[in-house]
Amino acid sequence: MGFGDLKTPSGLKVLNEFLADKSYIEGFVASQADVAVFEAISSTPSAELCHALRWYNHIKSYQKERSSLPGVKKPLGQYGPVSVADSTPSSAPADDDDDIDLFGSDDEEESAEAARLKEQRLAEYNAKKAKKPALIAKSSILLDVKPWDDETDMVKLEECVRSIQMEGLLWGQSKLVPVGYGIKKLQIGCVVEDDKVGTDMLEEQITAFEDYVQSMDVAAFNKI
C-alpha cells in the first residue's frame, strides 16, 4: 500500500485518484491518517488535482487541532491503494511534546543537578502545554438541497450553493440523488465551526436562491 513518492507530481496524482470518491484517507472524519499523509506532502497540490487539493486545504484548516485528531499515525505504507508502494523519503522528526524527556534515564544516578533539571523540564513542558489554544468545535454536515422540478439547472444550483462563503465554512463533495419523476436533489457535504456557522444560517442563505431551490434539509450531522 502507499501513494508512491508524495513529494513528486506522480505521487500527488495517485493521491488525487485515491480521494476521488473519499473525503478522508480513512473513515468519515479527519484523523491521524490524514495528518500522516498531509505532513508527507512538501507542496500544495496543483489545481488540476482537484480532489487532492480539496482534501489538502481541508486538513490544512485543522492547523491548531491536528495533534488532537482521533486515531494513531501509522507508516505511509499502510495507507492508500494496495497496488502502489510507498516511496516517500522520510523527513527529519519534528520537535514534539512527547519527545521531551521529563525524567532522564533510569540508569542515571540521582543528584541535586539531575533533580533541578527534571523540575526545569517539567516546568517548561507544562508551560508549553498551557499555551496551546482551546480545541475549536467543528461539525460535519450533509445537506439535501431540492430543486423545483426536473427542468431546474442543477449545475447552476450547485454553483449558487458553493458561492456561499463565510468564515468557518468549508464545502466538500457533492452528488445528485434521484428523488422521483426525473427530479434529482443535490446532496452536498460541508464542515463548519460550530461557533461561527449554524444550519439555520445555511438554510437561510441556500433557500435565498429561490429561482433554483425549493427547500433544504439536513441529511446527516456529526460532531468532529
Side-chain angles (χ1 to χ4, degrees), residues 1-101 128 132-133 135-136 138-142 155 158-159 161-176 186-193 222 224:
M1 296 177 69
F3 300 99
D5 187 350
L6 285 169
K7 299 186 185 301
T8 66
S10 60
L12 292 177
K13 183 178 180 182
V14 174
L15 175 64
N16 185 67
E17 294 171 352
F18 179 77
L19 291 168
D21 59 351
K22 300 175 181 66
S23 297
Y24 302 100
I25 300 299
E26 287 185 342
F28 301 98
V29 297
S31 69
Q32 291 301 317
D34 298 282
V35 175
V37 176
F38 178 89
E39 291 178 345
I41 297 174
S42 58
S43 60
T44 304
S46 64
E48 289 77 12
L49 305 176
C50 58
H51 305 300
L53 180 60
R54 176 260 308 161
W55 168 86
Y56 182 91
N57 288 334
H58 179 36
I59 302 305
K60 186 179 180 181
S61 72
Y62 288 95
Q63 182 175 2
K64 296 180 180 178
E65 309 101 64
R66 276 182 220 144
S67 62
S68 62
L69 291 177
V72 177
K73 284 185 187 177
K74 296 182 288 188
L76 287 175
Q78 294 187 36
Y79 305 120
V82 296
S83 59
V84 181
D86 173 56
S87 60
T88 305
S90 60
S91 302
D95 180 26
D96 190 87
D97 292 341
D98 296 334
D99 294 333
I100 297 176
D101 183 7
K128 189 174 182 180
K132 287 192 174 181
L135 182 65
I136 299 175
K138 293 185 178 183
S139 299
S140 175
I141 306 175
L142 186 64
V155 173
E158 180 174 356
E159 182 182 315
V161 172
R162 290 186 181 276
S163 71
I164 298 172
Q165 300 292 326
M166 64 184 79
E167 186 178 359
L169 169 65
L170 181 68
W171 293 111
Q173 291 182 315
S174 64
K175 63 180 179 179
L176 297 179
L186 172 68
Q187 196 167 79
I188 184 168
C190 63
V191 173
V192 302
E193 292 184 19
N222 296 293
I224 297 177

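All of these numbers come straight from a predicted model, not from anything done at the bench. Side chains included, hydrogens not; waters and symmetry mates left out as well; all remaining heavy atoms used.
Annotation for Lys175: atom NZ does not count as buried by contact number, only 12 or fewer foreign heavy atoms lying within 6.0 Å.
Between Ala52 and Leu12 the shortest heavy-atom distance is CB-O, 4.3 Å. Heavy atoms only, all atoms of each residue included: Leu19 and Gln173 are closest at O-NE2, 3.6 Å. Residues Phe28 and Tyr24 share a closest heavy-atom pair of O-CE1, 3.2 Å. In terms of heavy-atom proximity, Ala40 sits nearest to Leu76 at CB-CD1, 3.5 Å.
Under the 4.5 Å side-chain criterion, counting only non-hydrogen atoms from C-beta, Leu186 is in contact with Val161. For the pair Ile188/Arg162, a side-chain contact is recorded, criterion being any heavy-atom separation below 4.5 Å from C-beta on. In this structure, the side chains of Ile59 and Val37 stay at 4.5 Å or more apart for every pair of heavy atoms. Residues Leu69 and Val35 form a side-chain contact, since some pair of their non-hydrogen atoms from C-beta on lies under 4.5 Å apart. Lys22 places none of its side-chain heavy atoms less than 4.5 Å from the side chain of Trp55. Under the 4.5 Å side-chain criterion, counting only non-hydrogen atoms from C-beta, Phe18 is not in contact with His51. Between Ile25 and Phe3 the shortest side-chain heavy-atom distance falls below 4.5 Å.
Here the OH atom belonging to Tyr56 is positioned 7.0 Å from the OG atom belonging to Ser43, to the nearest 0.5 angstrom. A distance of 7.5 Å separates CG in Leu170 from CG in Asn57, rounded to the nearest 0.5 Å. Distance check: Lys64 NZ to Ile136 CD1 gives 6.0 Å after rounding to the nearest 0.5 Å. Here Asn16 contributes atom CG and Arg54 contributes atom CZ; the two are 9.0 Å apart, rounded to the nearest 0.5 Å. Put simply, CD1 on Ile141 and CD1 on Ile224 are 9.0 Å apart, with the number rounded to the nearest 0.5 Å. Note that CZ of Phe38 is 11.5 Å distant from CG of Leu15, once rounded to the nearest 0.5 Å.
Within the 3.5 Å criterion, the main-chain N or O of Arg66 finds a donor-acceptor partner in the side chain of Gln32. Listed for the Lys13 side chain is no donor-acceptor partner under 3.5 Å among the backbone atoms of Leu49.
Remark: Lys74 pairs with Glu26 by the salt bridge (Lys or Arg N to Asp or Glu O under 4.0 Å) rule, at least two apart or across chains. For Lys73, the salt bridge (Lys or Arg N to Asp or Glu O under 4.0 Å) test picks out Glu39, with sequence neighbours left out.
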Please tabulate, one pair per line, all N/O donor-acceptor pairs under 3.5 Å involving side-chain atoms of residues 81-89, not counting sequence neighbours.
from: Asp86; atom 1: OD1; to: Thr88; atom 2: N; distance (Å): 3.2
from: Asp86; atom 1: OD1; to: Thr88; atom 2: OG1; distance (Å): 3.2
from: Ser87; atom 1: OG; to: Asp5; atom 2: N; distance (Å): 3.1
from: Thr88; atom 1: OG1; to: Gly4; atom 2: O; distance (Å): 3.1
from: Thr88; atom 1: OG1; to: Leu6; atom 2: N; distance (Å): 2.9

